[in-house]
Amino acid sequence: MDAAPADSADSAEPDRAAEPAPAGPDRPVEADTTPVATDDVQGIVAAIGPRLRALRLGRDLTLDALAAITGISVSTLSRLESGHRRPTLDLLIPLARAHRVALDHLIAAPATGDPRLHLRPRHRDPGSVLVPLTQYPGRVQVFKQVLAPREPRLVSHVGYEWLYVLAGELRLLVGDRDLTLNPGDAAEFDTAEPHWFGPAGTEAVEILHLFGPHGDQAVLRTGTAAG
């Protein structure tokens, strides 16, 4: 019997599509009568298994390890990847969370042809902006961030991070170390260790932020951290 799926405690929520505007007196509801080609649906479903397998292998996860993260049995995961088990939302949602990808990335591959990224800044705390620079996060995710002054609050989670300062001064707390990084400086650390980073003073700081959810470590290092 397959185990019931369970959410990973340190996994990110998958992206949700925006809801359509509600219908009104001047905007009647129109039924979509466009038929869905059976071959298209079968092709999409058939591609999910190989995509799941590629994501798992790309993160160097065994079926046993992924089963422990998601709560889905090894046999079910194996049949999903081989196409012998039909993927359902109750299986795909915990897998998307475990792999830190949007649900639509499991269902259909990103568009190809135009290599340009259409950047969509996300405004978080007042004065802080996060700009994702990667569309399909399978291994390392890349962000450009502007961080406004805020109070330090140490956190820890599974993964590995790299920071590169573009402008301003960055304060980095990792364990009992308190570092100050200037433009051109970089740092990397295991996020299992309690950490925090933000402006060193009263001005915002701009950084490049790379995050590997599976704990990859960088081979090359650029810049040094000024303590």
Side-chain angles (χ1 to χ4, degrees), residues 6-15 55-62 65-66 68-70 96-102 117 119-227:
D7 295 342
S8 173
D10 59 344
S11 297
E13 290 285 341
D15 294 339
L55 277 171
R56 177 176 63 80
L57 295 179
R59 296 184 60 205
D60 298 323
L61 286 175
T62 63
L66 187 57
I69 294 171
T70 61
R97 288 175 175 170
H99 290 310
R100 294 180 180 269
V101 300
L117 297 177
L119 304 181
R120 296 181 179 178
R122 302 174 186 172
H123 297 270
R124 294 191 164 182
D125 299 328
S128 296
V129 181
L130 175 71
V131 184
L133 300 179
T134 47
Q135 289 184 319
Y136 188 66
R139 293 182 69 87
V140 176
Q141 302 175 48
V142 184
F143 308 93
K144 181 179 179 182
Q145 284 185 271
V146 175
L147 298 172
R150 55 200 174 106
E151 289 296 320
R153 183 174 65 88
L154 294 175
V155 297
S156 60
H157 50 85
V158 176
Y160 206 85
E161 289 184 324
W162 303 262
L163 306 175
Y164 180 82
V165 182
L166 297 171
E169 289 187 333
L170 180 74
R171 183 184 181 192
L172 172 63
L173 305 180
V174 182
D176 58 358
R177 290 160 290 175
D178 190 338
L179 307 171
T180 300
L181 283 70
N182 296 303
D185 290 342
E188 58 176 329
F189 54 92
D190 191 324
T191 56
E193 191 170 3
H195 62 280
W196 174 90
F197 52 88
T202 59
E203 299 294 327
V205 62
E206 185 175 358
I207 65 172
L208 283 179
H209 177 192
L210 285 73
F211 175 66
H214 58 300
D216 272 359
Q217 296 187 12
V219 176
L220 300 178
R221 295 176 173 85
T222 304
T224 57

Closest contact, heavy atoms only, Ala187 versus Leu172: CB-CD2, 3.7 Å
Do you know which two heavy atoms are closest between Ala204 and Val146, and how far apart they sit? CB-CG1, 4.1 Å
Close side-chain approach of Leu208 to Trp162, heavy-atom, < 4.5 Å: no
Nearest-0.5 Å distance that lies between atom CD1 in Ile207 and atom CG in Asp185: 12.5 Å
Could I get the full list of salt bridge (Lys or Arg N to Asp or Glu O under 4.0 Å) partners for Arg150, not counting sequence neighbours? none
So His157 and His195, would you call those rings parallel, tilted or perpendicular, with 30° and 60° as cut-offs? perpendicular
So how far is it from Tyr160 OH to Phe189 CZ, rounded to the nearest 0.5 Å? 9.0 Å
Working to the nearest 0.5 angstrom, can you tell me the gap between Leu154 CG and Glu193 CD? 10.0 Å
At what distance, to the nearest 0.5 angstrom, does CZ of Arg56 lie from CD1 of Ile69? 11.0 Å
Could you tell me the separation between the CZ atom of Arg153 and the CG atom of Leu173, rounded to the nearest 0.5 Å? 12.5 Å
Over all atoms of both residues, closest heavy-atom pair of Asp190 and Gly159: OD1-O, 3.1 Å
Between Thr202 and Pro149, the two heavy atoms sitting closest are O-CG, 3.2 Å
Walk me through whether Leu210 and Tyr164 qualify under side chain to side chain contact (heavy atoms under 4.5 Å, CB included). CA-CA 9 Å; Leu210 285 73; Tyr164 180 82; over 6 Å; no
Considering only heavy atoms from C-beta outward, does the side chain of Val205 approach that of Phe197 to under 4.5 Å? no
For Ser156 and Ala192 the tightest heavy-atom approach is CB-O, 3.4 Å
Which word best sums up how the rings of Phe143 and His209 line up, parallel for under 30°, tilted for 30 to 60°, or perpendicular for over 60°? tilted
Exercise: identify the closest heavy-atom pair between Leu66 and Ala98: CD1-CB, 4.1 Å
Approximate separation, where rounding is to 0.5 Å, of Leu130 CG and Lys144 NZ: 12.0 Å
